[in-house]
Amino acid sequence: MGLVTVLQLQLQPSLSFSLDFGGRFSCSSTSNSTLLRVSVKCSALSTPLSLGQIAMNCTEAVKGEKGNEVESTNILEFIDQCTNTMQLKQIHAHMLRTSRFCDPYTASKLLTAYAISSCSCLIYAKNVFNQIPQPNLYCWNTLIRGYASSSDPTQSFLIFLHMLHSCSEFPNKFTFPFLFKAASRLKVLHLGSVLHGMVIKASLSSDLFILNSLINFYGSSGAPDLAHRVFTNMPGKDVVSWNAMINAFALGGLPDKALLLFQEMEMKDVKPNVITMVSVLSACAKKIDLEFGRWICSYIENNGFTEHLILNNAMLDMYVKCGCINDAKDLFNKMSEKDIVSWTTMLDGHAKLGNYDEAHCIFDAMPHKWTAAWNALISAYEQNGKPRVALSLFHEMQLSKDAKPDEVTLICALCASAQLGAIDFGHWIHVYIKKHDINLNCHLATSLLDMYAKCGNLNKAMEVFHAVERKDVYVWSAMIGALAMYGQGKAALDLFSSMLEAYIKPNAVTFTNILCACNHAGLVNEGEQLFEQMEPLYGIVPQIQHYVCVVDIFGRAGLLEKAASFIEKMPIPPTAAVWGALLGACSRHGNVELAELAYQNLLELEPCNHGAFVLLSNIYAKAGDWEKVSNLRKLMRDSDVKKEPWCSSIDVNGIVHEFLVGDNSHPFSQKIYSKLDEISEKFKPIGYKPDMSNLLQLSEEDNLMEQSLNVHSEKLAIAFGLISTASSQPIRIVKNIRICGDCHAFAKLVSQLYDRDILLRDRYRFHHFRGGKCSCLDYW
DNA sequence: TTAGGGTTAG
């Protein structure tokens with residue numbers, strides 16, 4: 001094979017690299033020349049350069065030789081000294097010209113630089129790798145390592161599989177830490193477990209580096225127990241082992257254990273380093289343990305730790321999470337160096353406390369408007385029940401030139417759309433994701449699926465679910481939650497079984513959703529059994545939300561005594577939500593005695609609960625105890641109980657219209673009320689009389705004084721839906737409290753008489769009205 | 001000939 005042919009072959013991958021220059025890359029060969037004449041047009045340099053000039057630029061850049069004869073011994077030094085990808089590409093071009101690329105050692109150095117240095121460029125790394133005739137283990141490991149830290153860690157495993165096939169050497173002690181790194185980023189437990197087995201078979205299970213990366217893998221994959229088993233059994237530990245284990249506990253939601261481990265580390269005279277302190281602070285922040293946090297801050301001060309940006313950021317975060325915004329502010333002002341994390345932590349701290357003015361001041365003072373800063377602001381509004389402001393900020397961000405929406409921005413925007421029931425905007429984001437070729441990872445897919453489900457399109461939610469290749473526990477849980485909302489309990493249970501068959505370990509969220517599914521579908525035995533299995537079978541200690549679900553399951557099914565005795569036996573103190581569930585059940589099934597017990601307990605915990613008052617008042621009214629009704633209402637008027645504004649919203653052509661009870665502020669108000677009159681006329685022949693005529697029955701939405709004049713917000717929204725949407729379109733409504741019985745009956749009749757699908761999401765679930773029936777089968 | 005593990009915000 002002649003030199004030209006060799007070089008041509010070597011140039012093959014370089015053809016793709018030319019595209020990254022943003023210009024042309026051309027090569028030609030002369031019949032009698034031993035070298036190719038190559039010209040590259042760089043986007044940064046308007047005139048084409050010969051390789052000689054490139055080499056010269058490179059030489060100048062690294063203050064090396066004169067002219068284009070770069071000494072071959074200097075090439076390795078030049079590679080090491082490169083500070084940007086352009087310089088590396090110049091050296092690459094030079095190596096191709098001077099045939100230095102044929103030397104496997106030099107080529108592997110170039111590969112390393114492309115794969116893992118600060119000038120990394122993995123497409124080039126792979127191309128260089130492909131040009132090395134028989135890459136040795138070092139080269140394979142380097143490529144695996146490069147991809148392990150990339151945006152696509154799966155590639156590490158594909159390369160590893162290829163290596164097992166093609167490389168004559170076995171994976172060694174360097175291979176596994178890189179693979180565990182990739183596995184920890186993918187958070188796929190069984191993948192790492194298989195690797196763990198390979199480590200044992202390869203007799204590498206006492207290697208400190210491998211074991212430390214294994215602890216980190218189990219910790220990142222939600223298995224702190226397995227991480228701890230490795231930690232306990234390892235023959236020798238260094239500070240990295242302790243740090244990895246502290247972090248595994250903190251990540252696994254066990255900050256207490258993380259802090260205990262730090263104390264144990266102290267007792268065993270293992271000297272902590274900066275990373276230990278960062279991990280411990282992170283655990284304090286997660287535990288909201290200000291006392292320990294402050295102690296750590298003084299420990300840092302007294303133990304000779306020099307100022308360190310990440311450590312300062314971790315302290316800031318601890319103060320913010322523990323609610324000490326002033327301490328955070330003092331530290332922030334003292335910090336000699338600040339980065340995006342410092343600014344965002346402060347911004348987020350203020351925004352989460354609802355100090356929006358302060359948050360905006362920080363945003364304005366930022367040296368650069370990072371995407372993360374926009375995200376912090378948008379997410380604060382979204383999470384504090386201000387989805388409209390969140391979406392308007394999202395629009396503002398799109399108009400700004402400084403930052404582009406990223407995955408986190410889109411997740412926040414999807415959550416805001418879900419809150420509003422703004423399906424058109426949510427769908428727009430879906431299109432945006434596709435158009436910009438944004439990777440639909442599990443987090444984004446979960447938000448998208450959730451948005452479709454909450455906006456009343458279960459089929460589309462299911463479509464997104466099926467489109468996710470590697471579903472994590474959150475994707476599965478969200479789909480189970482979506483089915484629960486639609487009352488499809490059996491389907492939710494089937495999906496839960498499929499999830500277990502796919503070896504996905506359920507978490508606390510999965511159980512909240514599956515119990516909720518049992519609740520909405522009246523599956524009492526199934527729900528009870530799942531709850532009992534949570535800890536012994538799945539290792540999940542039931543939390544308060546699970547207890548609420550079970551009380552609701554029993555209560556809704558009329559098993560009031562069983563619900564009450566379940567509360568009595570709870571190992572954790574019942575919260576207002578637990579008593580609220582019992583009170584709701586008493587209201588539905590008319591048990592005055594238990595209702596009073598639930599009401600008293602609830603009021604002790606939440607003295608200003610308007611919903612509790614309404615429920616008890618209705619229970620008394622149903623039982624005909626007018627004196628108690630009257631006393632309760634007087635008490636209510638005299639107290640400071642304030643209602644949040646209950647409302648219903650409807651998305652019409654991308655605009656969300658909101659209605660309050662008895663609202664007449666909408667521009668189409670007159671038409672809306674005329675439509676309601678028309679509906680009443682239509683309903684007369686079939687004998688429908690609104691429950692509103694019974695002044696003693698209240699719903700949460702009613703105003704005491706002007707009750708007879710009020711029309712519930714969902715009726716207004718339904719009427720508006722009928723006049724403003726095509727007859728073929730479903731009417732999608734979101735309500736921020738539970739639908740009342742009268743409106744439920746009203747919606748059923750409208751769906752029948754106007755032949756319309758109505759999808760109404762209340763605080764707890766979906767009601768799909770069609771042909772006079774509701775998907776909840778009147779069980780809600 | 002070459003190398004590796006643990007850290008902060010949204």
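Note on naming: letters A, B, ... go to the chains in the order of the sequence lines (proteins, then strands), and numbering restarts at 1 for each one.
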Per [X] side chain, nearest of listed nucleotides [options]:
{"X": "A:Lys109", "options": "B:dT7, B:dT2, B:dA3", "result": "B:dT2"}
{"X": "A:Asp406", "options": "B:dG10, B:dA3, B:dG4", "result": "B:dG10"}
{"X": "A:Ile275", "options": "B:dG10, B:dG4, B:dG6", "result": "B:dG6"}
{"X": "A:Val278", "options": "B:dT8, B:dG10, B:dA3", "result": "B:dT8"}
{"X": "A:Ala244", "options": "B:dG10, B:dG6, B:dG4", "result": "B:dG6"}
{"X": "A:Asn172", "options": "B:dA3, B:dG10, B:dT8", "result": "B:dA3"}
{"X": "A:Ile310", "options": "B:dT7, B:dG6, B:dA3", "result": "B:dT7"}
{"X": "A:Ile340", "options": "B:dA9, B:dT2, B:dG6", "result": "B:dA9"}

Is there a donor and acceptor pair, one atom on the side chain of [X] and one on the base of [N], closer than 3.5 Å?
{"X": "A:Asn273", "N": "B:dG6", "value": "yes"}
{"X": "A:Ser108", "N": "B:dT2", "value": "yes"}
{"X": "A:Asn136", "N": "B:dT2", "value": "yes"}
{"X": "A:Asp348", "N": "B:dA9", "value": "no"}
{"X": "A:Asp207", "N": "B:dG4", "value": "yes"}

Output yes when at least one side-chain N/O atom of [X] is less than 4.0 Å from OP1 or OP2 of [N], else no.
{"X": "A:Asn216", "N": "B:dG6", "result": "yes"}
{"X": "A:Asn247", "N": "B:dT7", "result": "yes"}
{"X": "A:Lys321", "N": "B:dA9", "result": "yes"}
{"X": "A:Arg145", "N": "B:dG4", "result": "yes"}

(request) Evaluate whether the aromatic ring of A:Tyr105 and the six-membered ring of the B:dT2 base sit under 5.5 Å apart, centre to centre, with an inclination under 30°. (result) no
(request) Return the stacking result for B:dG4 and A:Phe174: yes when the ring centres lie under 5.5 Å apart and the planes under 30°, no otherwise. (result)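 Given the distance and angle limits, no, they do not stack.
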Tell me the interatomic distance from [X], atom [atom1], to [N], atom [atom2], rounded to whole angstroms.
{"X": "A:Leu311", "N": "B:dG6", "atom1": "CG", "atom2": "P", "answer": "18 Å"}
{"X": "A:Met265", "N": "B:dT7", "atom1": "CE", "atom2": "P", "answer": "14 Å"}
{"X": "A:Leu316", "N": "B:dG10", "atom1": "CG", "atom2": "C1'", "answer": "14 Å"}
{"X": "A:Glu382", "N": "B:dG10", "atom1": "CD", "atom2": "P", "answer": "13 Å"}
{"X": "A:Met366", "N": "B:dA9", "atom1": "CE", "atom2": "P", "answer": "15 Å"}
{"X": "A:Trp140", "N": "B:dT2", "atom1": "CH2", "atom2": "P", "answer": "20 Å"}
{"X": "A:Lys286", "N": "B:dA9", "atom1": "NZ", "atom2": "P", "answer": "6 Å"}
{"X": "A:Ile362", "N": "B:dG10", "atom1": "CD1", "atom2": "P", "answer": "14 Å"}

Using a heavy-atom cut-off of 4.0 Å across all strands, would you classify [X] as base, sugar-phosphate, or nothing?
{"X": "A:Thr345", "result": "sugar-phosphate"}
{"X": "A:Asp339", "result": "nothing"}
{"X": "A:Leu208", "result": "base"}

(request) State, yes or no, whether a side-chain contact exists between A:His162 and A:Trp140 at a heavy-atom distance under 4.5 Å. (result)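 With C-beta onward as the side chain, the pair touches.
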Is the [X]-[Y] ring centre distance short of 6.0 angstrom?
{"X": "A:Tyr218", "Y": "A:His228", "result": "no"}
{"X": "A:His196", "Y": "A:Phe217", "result": "no"}
{"X": "A:Phe363", "Y": "A:Trp374", "result": "yes"}

(message) Below 30° counts as parallel, above 60° as perpendicular, anything between as tilted: where do the rings of A:Trp428 and A:Tyr432 land?
(response) tilted
(request) Validate the cation-pi geometry between A:Lys237 and A:Phe231: distance from NZ or CZ to the six-membered ring centre under 6.0 Å, angle to the ring axis within 45°. (result)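 Yes; both conditions hold, so A:Lys237 lies above the ring face of A:Phe231.
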(request) Indicate yes or no for a side-chain donor-acceptor contact from A:Ser99 to the backbone of A:Met95 under 3.5 Å, with no hydrogens or angles considered. (result)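 Checked: no pair found.
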